[in-house]
Structure formats: C-alpha cells, structure tokens
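FYI, the numbering just counts along the sequence from 1.
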Amino acid sequence: MNLKEHIQQHKNEFDSEKMSAASEVLFKKKLQAELHQPKKPKVVYLRFIAVAASIVLVLSIFFWNQNSNELTKTSEVLAFLNNESAGKRLEGVYKFEDEFKKEDSKIINTLIKILHNDANANVKIATIDALLKFPSNDNVRTNLITALEKEKTPLVQIKIIKSLSFLREHRAQKTLEEIINNEEIFPIVKSNATLAINQLKQ
C-alpha cells in the first residue's frame with residue numbers, strides 16, 4: 001500500500017479539529033506541569049532562607065549582648081583596680097574573682113602590675129588568690145617568681161611562697177634558696193621557703 005492509499009483509508013484520523021483538540025489537551029497538561037511543579041521547591045527554598053536568616057539574626061543579637069556585657073564587666077573591674085583607694089582596688093580584685101570564669105588578659109595584666117607595685121599588702125594578697133584561678137597561665141607563674149624576688153613584706157612573701165608551692169613551680173627553687181640564705185629575711189619566711197623547697201623536691 002502506498003502513502004496516498006494509506007492517507008485516504010485513515011482520513012478521519014488526520015482530521016484537523018481532532019488533532020487540534022488532542023494537541024490542546026496535551027499542551028494544557030504540559031503547561032500545568034511547568035507552572036505548578038517548580039513552585040513547591042521554590043517556596044521551600046524561600047522558607048529555608050527566611051528561617052536561616054532569622055536564626056543568624058537571633059544568634060548575632062545574642063553574641064552582641066554577650067560581648068557587650070563582658071566589655072562592661074571588664075571596664076567596671078578595671079575602674080576598681082585602678083582606683084586610688086585601696087578599698088576600691090580590693091573590691092575590684094574580689095569582683096574579678098567572683099564574676100570572671102575565663103581569663104581576661106587586660107585584667108590579668110592589671111593584677112600583675114598590682115602584684116609588683118601596690119603599696120597595700122592586703123590588696124597584694126587578694127591579688128595572688130585571684131591570679132591562682134588560672135594556674136596554667138605561664139605569665140602568672142613567671143610573675144609570681146619575679147614578685148617573690150623583689151617583695152619585702154613578710155606576709156606577702158609567705159603568700160607567694162605558698163602559692164608557688166601549690167603550683168608545683170620548680171623554677172622558683174633558686175629564688176627560694178636565696179631567701180633561705182638571706183640574713184635579712186624574717187625566720188618565719190625562711191621556714192616557709194624551706195618547707196616549699198622540700199615539697200617541690202618530693
């Protein structure tokens with residue numbers, strides 16, 4: 001059968017109106033598929049972005065408040081520690097000891113200056129206790145040894161000696177021996193130095 005005969009026998013199947021109707025249905029289906037399918041992932045994606053943005057905003061505000069509070073606390077403590085009044089400085093040391101769980105380099109450096117330079121023995125002794133909150137800080141350890149080399153007040157000397165013994169700071173042995181051999185040092189200070197050396201050697 002040739003093509004002409006085939007077309008004549010199946011003329012109804014090639015009717016233009018029927019073909020148009022079929023094409024229209026197919027077109028509508030494809031159009032609906034194109035219009036509706038992408039909407040779901042797009043909406044989900046937009047919701048995800050909105051939720052993520054909200055989380056980032058909340059976390060940013062939280063951390064900003066945390067940092068702001070820490071900065072305020074640090075400023076308050078530093079103001080106390082730098083006060084001319086020994087009572088205020090002592091209050092600042094206690095405030096740091098009570099309220100700070102993490103190391104704050106500005107405050108620790110200020111406490112170290114107090115350890116070396118403050119004229120009040122009570123402030124120095126409280127400062128040593130505050131510094132001992134951070135036993136692994138080598139800056140604290142080194143400055144306790146240096147302070148012992150220069151300290152003249154017996155009560156403060158004894159406090160530093162006991163602190164170095166508590167820290168098991170073997171680098172302090174030379175300074176402790178110098179104290180024991182120094183004729184100007186009070187006997188009670190020497191006896192504490194001797195005890196500390198014996199403990200460090202155990």
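Listed here is the closest heavy atom pair of V93 and A126: CG1-O, 3.4 Å. In plain terms, the two heavy atoms of I108 and F96 that are nearest each other are CG1-CZ, 4.5 Å. The shortest non-hydrogen separation linking R168 to Q199 is NH1-O, 2.7 Å. Residue A130 comes nearest to L111 through the heavy atom pair CB-CD1, 4.2 Å, listed as atom of the first residue, atom of the second, then distance. Nearest heavy-atom pair, V123 versus L90, reported as atom, atom and distance to 0.1 Å: CA-CD1, 3.9 Å. Among all heavy-atom pairs drawn from K101 and F134, the shortest one is O-CE2, 3.8 Å.
A distance of 4.5 Å separates OG1 of T74 from CD1 of I107, quoted to the nearest 0.5 Å. Put simply, CZ on F80 and NZ on K88 are 5.0 Å apart, with the number rounded to the nearest 0.5 Å. Considering CD1 of I197 and CG of L164, their distance stands at 11.0 Å, rounded to 0.5 Å. Interatomic distance, K159 NZ to L144 CG, rounded to the nearest 0.5 Å: 10.5 Å. Rounded to the nearest 0.5 Å, atoms CD (E151) and OG1 (T153) are 4.5 Å apart. If you take CD on E149 and NE2 on H116, they are separated by 9.5 Å, rounding to the nearest 0.5 Å.
The shortest distance between side-chain heavy atoms of V156 and I128 falls below 4.5 Å. Using a 4.5 Å heavy-atom cutoff, the side chains of I179 and L148 are in contact.
Using a 4.0 Å cut-off between charged nitrogen and carboxylate oxygen, E103 and K133 do not count as a salt-bridge pair.
No side-chain donor-acceptor contact under 3.5 Å links T142 to the backbone of N139. Side-chain atoms of S165 never come within 3.5 Å of backbone atoms of I161 as a donor-acceptor pair (strictly under, hydrogens ignored). The main-chain N or O of L78 is found under 3.5 Å from a side-chain atom of N82 such that the two form a donor-acceptor pair.
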Self-check item: Audit row: N137, L131, side-chain contact (heavy atoms from CB on, under 4.5 Å) steps and yes/no
Solution: CA-CA 9 Å; N137 187 314; L131 290 171; over 6 Å; no

Practice problem: Report the C-alpha separation of V77 and D104 in whole Å, then their side-chain angles, then the decisive distance to 0.1 Å, and conclude whether the side-chain contact (heavy atoms from CB on, under 4.5 Å) test is met. | Solution: CA-CA 11 Å; V77 170; D104 185 299; over 6 Å; no

Exercise. May I have the step-by-step check of side-chain contact (heavy atoms from CB on, under 4.5 Å) for I188 and S191, ending in yes or no?
Key: CA-CA 5 Å; I188 190 170; S191 63; 4.3 Å; yes

Exercise. Given side-chain contact (heavy atoms from CB on, under 4.5 Å), test L132 with L167 step by step and report yes or no.
Key: CA-CA 8 Å; L132 287 176; L167 293 171; 3.8 Å; yes

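L195 and L200 fall into different hydrophobic clusters, where Ile, Leu, Val, Met, Phe, Trp and Tyr side chains are chained together by heavy-atom contacts under 4.5 Å.
Note on residues 109-121: pairs passing salt bridge (charged side-chain N to carboxylate O under 4.0 Å, His left out), not counting sequence neighbours, are R89-D118.
Considering only residues two or more places apart in sequence or on other chains, K162 meets the side-chain contact (heavy atoms from CB on, under 4.5 Å) condition with I158, N192.
Side-chain contact of Q173 with T175: a donor-acceptor pair under 3.5 Å is absent, judged by distance alone.
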